[in-house]
Amino acid sequence: MEEKPSCVVIGASSGAQALALKLTELGHIPCLCDESDGSLFARWPRLDELYASKRYDDIATLRKDTPGPLRLFVFSAYEGYVKDLSLLTEILTPGDIIHECNAFPYHSLEQIESLVKARTIVWTPLKIAFSVESGGGLSLITSGRGLDSESRDFLYALAHRRLDTRVCFAQLPEPGLIAACRAAYRGLLDTLLQGFADAFYVMSSIYNLSPFEARMVFADWAKTELDSPVLQAMRNILASMDEGGESSLSRILDTVKFDSSDIEALNLAVAFRMPPPLSTAALSARIIAALRDERVGASVSLSGVKQSPPRSRDTLPDLRDALILAIALAYAQSLSSLQSAITRGGGGSSADVALAWAGSSLLQGPLMDQAAIILSGQG
């Protein structure tokens with residue numbers, strides 16, 4: 001009888017923890033390996049309770065202790081990924097399976113595939129999202145190349161089951177399409193973040209609402225189509241106070257900068273001929289907002305528009321409806337672009353991707369649910 005691969009989780013991240021807990025719930029005993037600085041073991045509060053006998057400081061020791069095949073879930077950093085993968089494959093043996101769960105450089109895809117092929121190791125990208133709100137459920141989007149039926153069934157069992165019994169799992173034929181999903185996801189997430197930030201700006205500047213009052217408005221909006229983990233995060237930020245009892249918002253306002261993941265999202269959109277206005281509009285606003293010193297300096301010379309009297313708060317529902325429409329249009333645009341990329345990339349279903357996002361991710365919420373229903377032909 002063929003030996004089943006032992007499950008191994010490598011890397012310190014919230015997604016790695018959620019996956020390890022899900023594996024345990026399904027009766028597996030995952031080995032945990034921290035190749036970095038020990039932060040994996042330091043960050044997980046339930047580690048001692050669940051995995052005390054299965055800790056490894058490096059993959060070489062784990063490999064010697066576990067002679068049979070391994071199924072590795074690797075949460076790696078984007079920078080230096082190819083080098084890290086090269087070192088990892090030197091320790092592994094034919095028959096081992098690597099599920100890349102975080103991100104890989106799309107421009108290095110051919111190099112990555114040549115590397116694992118030379119080592120006779122199965123490598124499959126696997127995008128994992130999870131949500132505490134859904135009971136720790138996982139959504140999985142994986143590449144089908146090199147994925148046998150046993151591995152597919154294994155991953156399928158890990159995915160979250162929604163109340164309507166549908167499984168939050170999508171399988172795409174080409175590894176590169178995982179990158180296309182990443183670009184579409186980032187564009188939608190940027191739109192949500194910027195949309196709620198702009199809504200707060202309108203509340204404070206036009207409706208003259210305090211952070212606490214804006215938080216109460218967001219609480220009401222959470223009972224509508226706008227409900228999402230991003231909205232919940234905005235409410236938490238507005239409720240946060242510093243040591244002096246003042247809103248913590250002023251400390252973080254206009255401090256977010258452009259980073260490598262933003263650049264990657266834009267590059268991927270271009271690579272898959274997906275129009276990137278969602279990300280570019282949101283990121284342009286973020287960059288301008290972060291230039292606080294320059295804007296303050298310019299305000300000395302520029303008079304700007306005249307301040308108008310605060311608008312009646314009775315019209316706040318109009319602001320909510322405008323935001324719902326803007327986000328719905330963003331979903332339609334992004335998912336349409338993703339389907340075009342999937343069609344050119346050899347097949348797959350944007351409906352399955354939308355279901356995965358709706359099941360467990362920062363995009364969760366009634367609008368994402370509705371998008372998944374419409375794409376599946378049930379709406």
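Just so you know, these numbers use all the heavy atoms, side chains as well, and skip hydrogens, waters and symmetry mates.
Interatomic distance, Glu225 CD to Asp321 CG, rounded to the nearest 0.5 Å: 8.0 Å. In this structure, CG on Leu338 lies 12.5 Å from CD on Gln333, to the nearest 0.5 angstrom. Distance OG1/Thr61 to CZ/Arg63: 12.0 Å, rounded to 0.5 Å. Interatomic distance, Arg344 CZ to Ile342 CD1, rounded to the nearest 0.5 Å: 10.5 Å. How far CD1 of Ile98 is from CD1 of Ile121: 5.0 Å, rounded to the nearest 0.5 Å.
A donor and an acceptor atom, one from each side chain of Tyr331 and Thr191, are nowhere located under 3.5 Å apart. Remark: the Gln339 side chain and the Thr343 side chain contain an N/O donor-acceptor pair separated by less than 3.5 Å. No donor-acceptor contact under 3.5 angstrom links the side chains of Thr93 and Arg119, judged on distance only. Side chain to side chain, Asp198 and Gln194 meet the donor-acceptor criterion of an N or O pair below 3.5 Å. For Tyr207 and Glu213, the side-chain atoms include no donor-acceptor pair closer than 3.5 Å.
When all heavy atoms of Pro69 and Gly95 are compared, the closest pair comes out as CB-O, 4.2 Å. Pro173 approaches Leu177 most closely through the heavy-atom pair CD-CD1, 4.0 Å. Between Ala371 and Leu335, the shortest heavy-atom distance links the atoms CB-CD1, 3.9 Å. Of all heavy-atom pairs spanning Arg161 and Tyr156, the tightest one is NH1-O, 3.0 Å. In this structure, Ser143 and Ile178 approach most closely via the heavy-atom pair N-CD1, 3.9 Å. Nearest approach of Pro30 to Ala20, heavy atoms of both residues: CG-O, 3.9 Å.
A donor-acceptor pair under 3.5 Å links the side-chain atoms of Ser349 to the main chain of Asp352, judged by distance alone. In this structure, Ser151 contributes its side chain and Leu147 its backbone to no donor-acceptor pair below 3.5 Å. Between the side chain of Thr142 and the backbone N or O of Pro125, at least one donor-acceptor pair lies under 3.5 Å. Formation of a donor-acceptor pair under 3.5 Å by the Ser301 side chain with backbone atoms of Ala298 is not found in this model. Although no hydrogens or angles enter the test, the distance criterion places no donor-acceptor pair under 3.5 Å between the side chain of Thr66 and the main chain of Gly68. Looking at Ser340, its side chain does come within 3.5 Å of a backbone N or O of Ser336 through a donor-acceptor pair. Side chain of Ser312 to backbone of Thr315: no donor-acceptor contact under 3.5 angstrom is found.
Phe200 does not carry Arg215 over the face of its six-membered ring by the limits of under 6.0 Å from the centre and within 45° of the normal.
Cluster membership for Val122 and Leu126, using ILVMFWY side-chain heavy atoms within less than 4.5 angstrom, is not shared. Cluster annotation: Val116 is not connected to Ile97 through the hydrophobic network of ILVMFWY side chains, with a link wherever side-chain heavy atoms come within less than 4.5 Å. Both Leu367 and Phe218 sit in one connected hydrophobic cluster of ILVMFWY residues. Membership requires side-chain heavy atoms under 4.5 Å apart, directly or through other members. The same ILVMFWY cluster, assembled from side-chain heavy atoms under 4.5 Å apart, contains both Val82 and Leu72. Using a 4.5 Å cut-off between side-chain heavy atoms of Ile, Leu, Val, Met, Phe, Trp and Tyr, with links allowed through other members, Trp357 and Leu355 fall into different hydrophobic clusters.
Separation of the Phe104 and Trp123 ring centroids falls under the 6.0 Å cut-off.
With respect to Asp96 and Arg71, no salt bridge is recorded, no charged nitrogen being found less than 4.0 Å from a carboxylate O. Under the 4.0 Å criterion applied to side-chain N and carboxylate O atoms, Arg186 and Asp190 are assigned as salt-bridge partners.
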Task: Evaluation steps, ring pair (Phe, Tyr, Trp, His ring centres under 6.0 Å), between Phe154 and His99 - done: CA-CA 12 Å; Phe154 183 92; His99 297 298; 7.5 Å; no

- [ ] Could you walk me through whether Asp84 and Leu88 pass the side chain to side chain contact (heavy atoms under 4.5 Å, CB included) test, one step at a time?
- [x] CA-CA 6 Å; Asp84 291 344; Leu88 178 61; over 6 Å; no

TODO: Test Asp227 against Gln364 for side chain to side chain donor-acceptor pair (under 3.5 Å), laying out the working first.
DONE: CA-CA 8 Å; Asp227 188 30; Gln364 273 184 290; over 6 Å; no

TODO: For Met203 and Val217, run side chain to side chain contact (heavy atoms under 4.5 Å, CB included): C-alpha distance rounded to whole Å, both residues' side-chain angles, the deciding distance at 0.1 Å, then the answer.
DONE: CA-CA 9 Å; Met203 288 181 198; Val217 173; 3.6 Å; yes

TODO: Verify side chain to side chain contact (heavy atoms under 4.5 Å, CB included) between Leu231 and Trp221, making sure each step is shown before the conclusion.
DONE: CA-CA 9 Å; Leu231 178 56; Trp221 287 5; 4.2 Å; yes

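Screening Leu140, Ile141, Ile128 for a side chain to side chain contact (heavy atoms under 4.5 Å, CB included) with Leu155, the sole residue that qualifies is Leu140.
The 12-atom threshold is exceeded at CD of Glu90, counting heavy atoms of other residues, nucleotides or ligands nearer than 6.0 Å.
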